[in-house]
There are 2 protein chains.
Amino acid sequence: MSASTTPVRQSSVRAHNLALVLHTVANSANPPSRAAVSAATGLTRATVSALVDDLLAGGLLVEVDPPPRTGAGRPAAGLALTSTGPAGLGLEINVDYLAACVVDLTGAVRHRHVEHADQRPADPAQALAALGSLAARARHAAETDGLIVAGAALAVPGLVAGGLVRVAPNLGWQDVDAVQALLGIPELADLPITVDNEANLAALGELRVAGGDPAGHHSPPGAGSGHSRPGEENSFLYVSGEIGIGAGLVLDGELYRGVRGWSGEIGHVTVYPDGRPCRCGARGCLEQYAGQEALDAGEPLAAAALGIALSAVVNLLDVPVIVLGGAYAPIFASLRDGIEAELRARVLTSALAPVVLRPASLGADAAMRGAADTIIRGVREDPATWLRRLT
Amino acid sequence: MSASTTPVRQSSVRAHNLALVLHTVANSANPPSRAAVSAATGLTRATVSALVDDLLAGGLLVEVDPPPRTGAGRPAAGLALTSTGPAGLGLEINVDYLAACVVDLTGAVRHRHVEHADQRPADPAQALAALGSLAARARHAAETDGLIVAGAALAVPGLVAGGLVRVAPNLGWQDVDAVQALLGIPELADLPITVDNEANLAALGELRVAGGDPAGHHSPPGAGSGHSRPGEENSFLYVSGEIGIGAGLVLDGELYRGVRGWSGEIGHVTVYPDGRPCRCGARGCLEQYAGQEALDAGEPLAAAALGIALSAVVNLLDVPVIVLGGAYAPIFASLRDGIEAELRARVLTSALAPVVLRPASLGADAAMRGAADTIIRGVREDPATWLRRLT
DNA sequence: GTCAAATAATTCAACCAATAAACAAATCCC
DNA sequence: GGGATTTGTTTATTGGTTGAATTATTTGAC
């Protein structure tokens, strides 16, 4: 418990407990009753009732048919996340497509629009205008479904700091204020919008699938019961192989962005100190051996180079799981043995517990999904703010 | 705000705010008044008064002479951490010495006992018995000073997991239950005792000096005002060069131990994939080029190898500061240029903001100090539990 | 069929902790 | 000495959880 710097008042207690109840409902396999939530959280039944009332009134929970009866007693009312409440708008701009999706509070993808087109000839303003109209369409479709879009997040393949896209080499962008551009579109002007790096958001997308949430489409092998586990699958490195190689690091269920937001530059980890020169100016960067260009050229060292760099990550951070995404996902089978051989040899603790290596589950949608997830995650973790919004 | 899994009651509010007040007093340059604490925290003066009363009654704070008067108004009563309250017992066992120290709530070292002797011939039980009697003497000395030892922490040069020293190669230990051994000594039997890796604890010792706490002996260059800063000096990598090379990673003021507690194994990060064989079985590990044996042999590649490995850390984690400790501290000047050249070349963002490299400030005492700090940190971050102890 | 047992959910008084505002204390400055 | 000013305490109020009692609804036994 690190002493945060803010005072706590009674209302913070309520905010916390609202989040706790929502979280418990979200992570239950079957719609739980108030009594079940009470047992799971340690809160009194009376308190849970009061909190649930607020969440029902605020349109975050709904009562559904109870879970199958077990014995005697008054039947319970099942609780579930609503599918007509707040939703997140996930946006992505990449070299050869624009995409938008809407995810509801349960984590279900309700709308999905993808527009294939080479963005490189377009200047940032043009590309963002096109994305904006795609986003506006997605929002409109969602709201005719009864959803309320709570915010939007944009994934870009580049370095983001202070809300600005500092540099996105493959788009040819530099210091672009993407948020301002999107806010300039009338249909989006009222939304809170954020930008983040594509690998970071894709990592969050994988988190949704892997850990913490049965609303995701598959359970990881060996995962325990529905509750938030301490670390096993909640800590992993997501590696996104594109032209460059980016990584999103999730530690204990939280994305670690670094002090200045520049973490995850695994593409420029040195693999062969005297190796090939890299466009970053150094020599022997991973990107030169395992970037998409090297892969396309049939680089024989790709898997070994990845294994060496990943071994460094595991030795330093003790992350138990590595997820390969982007261009790596489809060729996972051909990379696996080469990477695992290096991990076995180079990770000091590999004998004690092997590192789990797996392909990304969401494919090309990971970043967009992760972007939308950040929005609904915001509502889930702070429902009190959402409830206050109803003036 | 990640929704934790525990409910919050009113008493948690009090516990949090007690910690907040204590933290604020600890991080103030001059003894603050209740009103100043109120202003700094956002809590009401009335609330601060009530909290301070508890902390005074519980012997964590004392009233001292007020800070120099400024203008009109009733004079304030200054508040300061007590130097006769709870204290932490820091223990260290290493290849050629045993050590114990006592640190009070203000962070001052009140007692320090070091016993030079080669521990390698001794078996674990012998070594721990000797350390135990050193610890008992330190505790006795502290308690005749009016201190109350709140707990002890032990630093060992090895891999610790589940409270056990799994392996400490340089001591020749394997699966040693050091805590049990120490608890077997009558004078220590009532203390909460923990063990941790030497590099981890040394990192925490450096944190005390570098960030967050003016009670440390020097302020870092460029550090801001007394308050807990977001990241600058609160995130760093501490690298401890001994026979092996360990690292303690501090992110946002918290030690990151890894999912299984095995983080920080920088000594086995690959630097030259086809390089010298390492006793871990791999090739080209950093340890072979920058471990103490290589340094003693005058290895010319030491600085470069360190620079390569550290560049990987910075690229991955965006840590702005690297602290060199252990055997590196005394030869810092000779390593600096070589390391910085690699960092400049290989860290992608080095042009945007250079990585700060500095020697450890605490020298050989870092781990022992850090161990003691973990105890008083426990009291500082959760004063409510300490207060409850007075049945 | 009726009644007892069991389980779910709500109501209500008590309690705890923070707040706001009034009040008391101690000093400065004219 | 008296107003202005700041510190610290007192008191009533409010928000939120608790625990016990109460109501509601079902199963199962006789």
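A, B, ... follow the sequence lines: proteins, then strands. Residue 1 opens every chain. All values below were derived from every heavy atom in this structure, side-chain atoms included, with hydrogens, water molecules and symmetry-related copies excluded. In this text the structure is predicted, and so the values were computed from the model without any measurement.
Residue A/Arg45 has its side chain nearest to C/dT10 when only D/dT5, C/dT10, D/dT7 are considered.
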Residues B/Val48, B/Arg45; criterion side chain to side chain contact (heavy atoms under 4.5 Å, CB included); working and verdict
CA-CA 5 Å; B/Val48 171; B/Arg45 288 209 307 274; 5.7 Å; no
Please report the C-alpha distance between A/Leu207 and A/Arg377 in whole Å, then the side-chain angles of each, then the deciding distance to 0.1 Å, and finally whether the side chain to side chain contact (heavy atoms under 4.5 Å, CB included) criterion is met.
CA-CA 11 Å; A/Leu207 174 65; A/Arg377 172 185 288 249; 3.0 Å; yes
Might you work through the side chain to side chain contact (heavy atoms under 4.5 Å, CB included) test for A/Leu22 and A/Leu81, ending with a clear yes or no?
CA-CA 8 Å; A/Leu22 195 59; A/Leu81 298 181; 3.6 Å; yes
If you apply the rule side chain to side chain contact (heavy atoms under 4.5 Å, CB included), what do you find for B/Arg139 with B/Leu191, and how did you get there?
CA-CA 11 Å; B/Arg139 182 184 194 183; B/Leu191 288 181; 3.6 Å; yes
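Residues A/Ser83 and A/Asp104 approach most closely at CB-OD2, 3.6 Å, considering heavy atoms.
The base of C/dA26 is not paired with the side chain of B/Arg74 by any donor and acceptor separated by under 3.5 Å. Counting distance only, with no hydrogens placed and no angle test, the side-chain atoms of A/Arg34 and the base atoms of C/dA8 include no donor-acceptor pair under 3.5 Å.
For the pairing with A/Pro383, the side chain to side chain contact (heavy atoms under 4.5 Å, CB included) check across A/Leu18, A/Asp54, A/Leu61, A/Leu20 returns one residue only, A/Leu18.
If you take CG of B/Asp65 and P of D/dT7, they are 17 Å apart, rounded to a whole angstrom.
The phosphate of D/dT9 has OP1 or OP2 within less than 4.0 Å of a side-chain N or O from B/Ser49.
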Output a table of nitrogen or oxygen pairs between the protein and nucleotides 15-19 of chain D separated by less than 3.5 Å.
unit_1, atom_1, unit_2, atom_2, d
D/dG16, N2, B/Gln10, NE2, 2.6
D/dT17, OP1, A/Asn17, ND2, 3.2
D/dT17, OP2, A/Arg14, NE, 3.3
D/dT17, OP2, A/Arg14, NH2, 3.3
D/dT18, OP1, B/Arg9, NH2, 2.9
D/dT18, OP2, A/Thr44, N, 3.3
D/dT18, OP2, A/Thr44, OG1, 2.9
D/dT18, OP2, A/Thr47, OG1, 2.7
D/dT18, O5', A/Thr44, OG1, 3.2

